[in-house]
Visitor: 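Please find one structure pasted underneath; my questions will follow.
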2 protein chains.
Amino acid sequence: MKLSKRGEYALRALIDLGIASELGWPMLQASELATKEKLPIKFLEQIFTQLKAAGYVKSRRGKFGGYSLARPMSQIKFGTVIRLIDGPLAPIRCVSQMAYVRCSCPDEVHCGLRMLMLDVRNAITKLLDRYTLADIVEITLRKLRRDKVTPPFLSRSTKLRSVLPPMVNRLGDGGLKFNSVGPTSGRRRK
Amino acid sequence: MKLSKRGEYALRALIDLGIASELGWPMLQASELATKEKLPIKFLEQIFTQLKAAGYVKSRRGKFGGYSLARPMSQIKFGTVIRLIDGPLAPIRCVSQMAYVRCSCPDEVHCGLRMLMLDVRNAITKLLDRYTLADIVEITLRKLRRDKVTPPFLSRSTKLRSVLPPMVNRLGDGGLKFNSVGPTSGRRRK
DNA sequence: TCTATTTCCTATTGATCTAGTAGGGATATG
DNA sequence: CATATCCCTACTAGATCAATAGGAAATAGA
C-alpha cells in the first residue's frame with residue numbers, strides 16, 4: 001500500500017508537465033523541475049528515461065532542450081503509469097487482473113482474505129484507472145486560480161508571459177468529486 | 001500498494017482462528033495452520049508473537065497448546081492489523097491520517113498528486129477500517145456452507161465432531177456487498 | 001569551429017526491507 | 001521423564017530503494 005519515491009516523482013513530473021503545457025509552456029527542463037520540486041536531478045533523469053521509453057514524454061536535447069508530453073493528457077491514466085513504475089496495483093497478486101499469480105491458500109474461491117483484498121484492489125483501480133492527467137491538471141489549475149497562486153515552475157526569470165493564456169475549462173465546477181483536502185483533517189469548521 | 005507476506009500470513013491466521021473458533025474450535029496450533037495453509041512455521045511463529053504482543057491473540061504452551069483469539073472478532077479491524085504489521089495504509093505519507101509526514105512538494109494544498117492520493121487512501125481505509133474479522137469470518141462461513149465445503153484446518157484426525165455446531169447467523173443474506181469473485185475474471189459464462 | 005548546455009547511458013553504492021532459517025530455551029501434558 | 005508446544009534471539013541471502021557518479025552525445029549560439 002505504498003507508492004515509491006520513483007513513482008511519486010514520475011507522477012509529479014507528469015502533472016507539472018501537464019500544467020505547464022496547459023499554460024502555454026510545453027517544455028520543461030529536468031533541472032528546472034528538480035529544483036522547484038526539490039527532487040534529485042540525476043534520479044529524475046532516470047525516471048524521465050523510463051517515461052520516455054514508455055511513450056509518455058518526448059525530449060529534446062542540447063541547449064534549450066527539455067521534456068514535454070508525448071500524448072494527449074486525457075490518454076494518460078494514473079493507474080497505467082504507476083503499474084509501469086511500481087508494478088501491480090493489487091495488494092496481493094491473487095486479486096490482480098493485470099498480473100495474476102495464484103497464491104498459496106488451499107481454496108481461492110472461499111478465501112476470505114481474497115474477497116476483502118479484491119474489494120481493496122477494485123477501490124484502488126476504480127480511482128487510478130479512471131482519472132487521467134487531464135483531470136488532475138484541470139482540477140489543480142482551478143484550485144490555483146481560485147486562490148490566485150502561480151505554479152512555482154512558471155516563475156521563470158526570462159520570457160515569462162505577463163498574462164496567462166486563456167484556459168480551457170471543459171468541466172463545470174465540481175465536475176470531479178475529490179474530497180476537499182484540509183491539512184491533516186481532524187476538526188474542520190472549528 | 002502491496003501487502004507483505006508477513007501481513008498476508010497474519011491476516012490469514014486471524015481469519016482461520018476466527019473461523020475455527022466460530023465452529024467451536026477455539027484454539028489452533030501454529031504447526032497445524034502452517035501445514036494447512038502452506039506457510040513456513042518459524043516465520044508464522046514470529047508473526048504470532050507480534051499479534052500476541054498487540055493483544056490480538058493469546059497462547060497456551062506445552063502439549064495441546066496453541067493460539068486463540070484474545071478479543072471479540074467484531075473488535076478486530078483489518079486496517080489496524082495491517083498498520084501494525086506493514087505500517088501506514090496511505091500510498092504516500094502526506095495523506096496519511098495516522099502517520100502524517102510532510103512531503104517535499106512546495107505547496108501541499110494545491111498539489112494534484114496529493115488530492116488524488118488522498119482519495120486513494122480514503123478508498124482503502126473505508127474498506128479496511130470498516131470491515132472486522134467478524135464480518136469476513138461470517139461471509140466466508142456462509143460461502144463455505146453454501147458450497148458444502150469443510151474448511152481444511154478442521155479436518156483434524158482425532159476428536160473432530162461429526163456434526164458442526166449450530167452457527168450464529170446475525171446478518172441476512174447479502175448483508176455485506178462483496179463483489180462476487182470469479183477466478184481471474186476474463187471470460188465468465190463461456 | 002568552439003563552448004556551454006542539455007539529455008542520454010551505464011555503473012555503483014549504502015541503506016533498508018523481505019522472507020525467511022537456525023537453534024535452542026521455557027513450559028505444559030501424560 | 002519424554003514429548004510437544006510456544007518463546008526468544010540471532011542471523012542471512014537476496015531484493016529493492018533511492019540515489020550518486022562520470023561521462024558521452026546532441027544541440028544552440030558566438
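Order of the sequence lines fixes the chain letters, A, B, ..., with proteins taken first and strands second; residue numbering starts at 1 for each chain. These numbers were taken from a predicted model, which means no experiment stands behind them.
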Visitor: If you take any heavy atom closer than 4.0 Å to DNA chain D, which residues from residues 81-92 of chain A end up in contact?
Guide: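 Correct list: empty, so none.
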Visitor: Could you list the residues that satisfy ring-ring contact (aromatic ring centres under 6.0 Å, His included) with B:Phe48, not counting sequence neighbours?
Guide: B:Tyr67
Visitor: Given 3.5 Å as the limit, does a donor-acceptor pair link the side chain of B:Asp107 with the main chain of B:Val109, or not?
Guide: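 Judged by distance alone, yes, a pair lies under 3.5 Å.
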Visitor: How close do A:Phe64 and A:Gln29 get, heavy atom to heavy atom, and via which atoms?
Guide: CA-NE2, 4.0 Å
Visitor: If I take atom NZ in residue A:Lys5 and atom P in nucleotide D:dT20, what distance separates them, rounded to the nearest angstrom?
Guide: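 One finds 13 Å between P of D:dT20 and NZ of A:Lys5, rounded.
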Visitor: Sequence neighbours excluded, which residues qualify as ring-ring contact (aromatic ring centres under 6.0 Å, His included) partners of B:Tyr9?
Guide: B:Phe43
Visitor: Testing the basics here: between A:Leu84 and A:Ala54, what is the closest heavy-atom pair and its distance to 0.1 Å?
Guide: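 It is CD2-CB, 3.5 Å.
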Visitor: In this structure, how many angstroms lie between the C1' atom of D:dC17 and the CZ atom of A:Phe43, rounded?
Guide: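 Those two atoms, CZ and C1', are 7 Å apart.
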Visitor: Would you indicate whether the side-chain heavy atoms of B:Gln50 and B:Ile85 approach each other to under 4.5 Å?
Guide: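 B:Ile85 reaches B:Gln50 side chain to side chain.
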Visitor: By side chain to side chain contact (heavy atoms under 4.5 Å, CB included), which residues pair with A:Arg146, not counting sequence neighbours?
Guide: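 Residues passing side chain to side chain contact (heavy atoms under 4.5 Å, CB included) with A:Arg146: A:Lys143.
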Visitor: Start with the C-alpha gap between B:Leu113 and A:Glu8, add the side-chain angles, then the distance that decides, and say whether side-chain contact (heavy atoms from CB on, under 4.5 Å) holds.
Guide: CA-CA 8 Å; B:Leu113 180 61; A:Glu8 183 189 326; 3.7 Å; yes
Visitor: Do B:Glu138 and B:Asp135 touch side chain to side chain, with heavy atoms closer than 4.5 Å?
Guide: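 The answer is no; the side chains never approach within 4.5 Å.
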Visitor: Shoot me the first and last contacting nucleotide of DNA chain C against chain A, ordered 5' to 3', at under 4.0 angstrom to non-hydrogen atoms.
Guide: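 Contact boundaries, 5' end first: C:dT5 to C:dA11.
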Visitor: Using a 4.0 Å heavy-atom cut-off, write out nucleotides 2-14 of chain D from 5' to 3' as B (base contacted by protein), S (sugar-phosphate only) or - (no contact).
Guide: --BBBBB-B----
Visitor: Knowing that exactly one of A:Val57, A:Leu133, A:Thr132 qualifies, which makes a side-chain contact (heavy atoms from CB on, under 4.5 Å) with A:Ile76?
Guide: A:Leu133
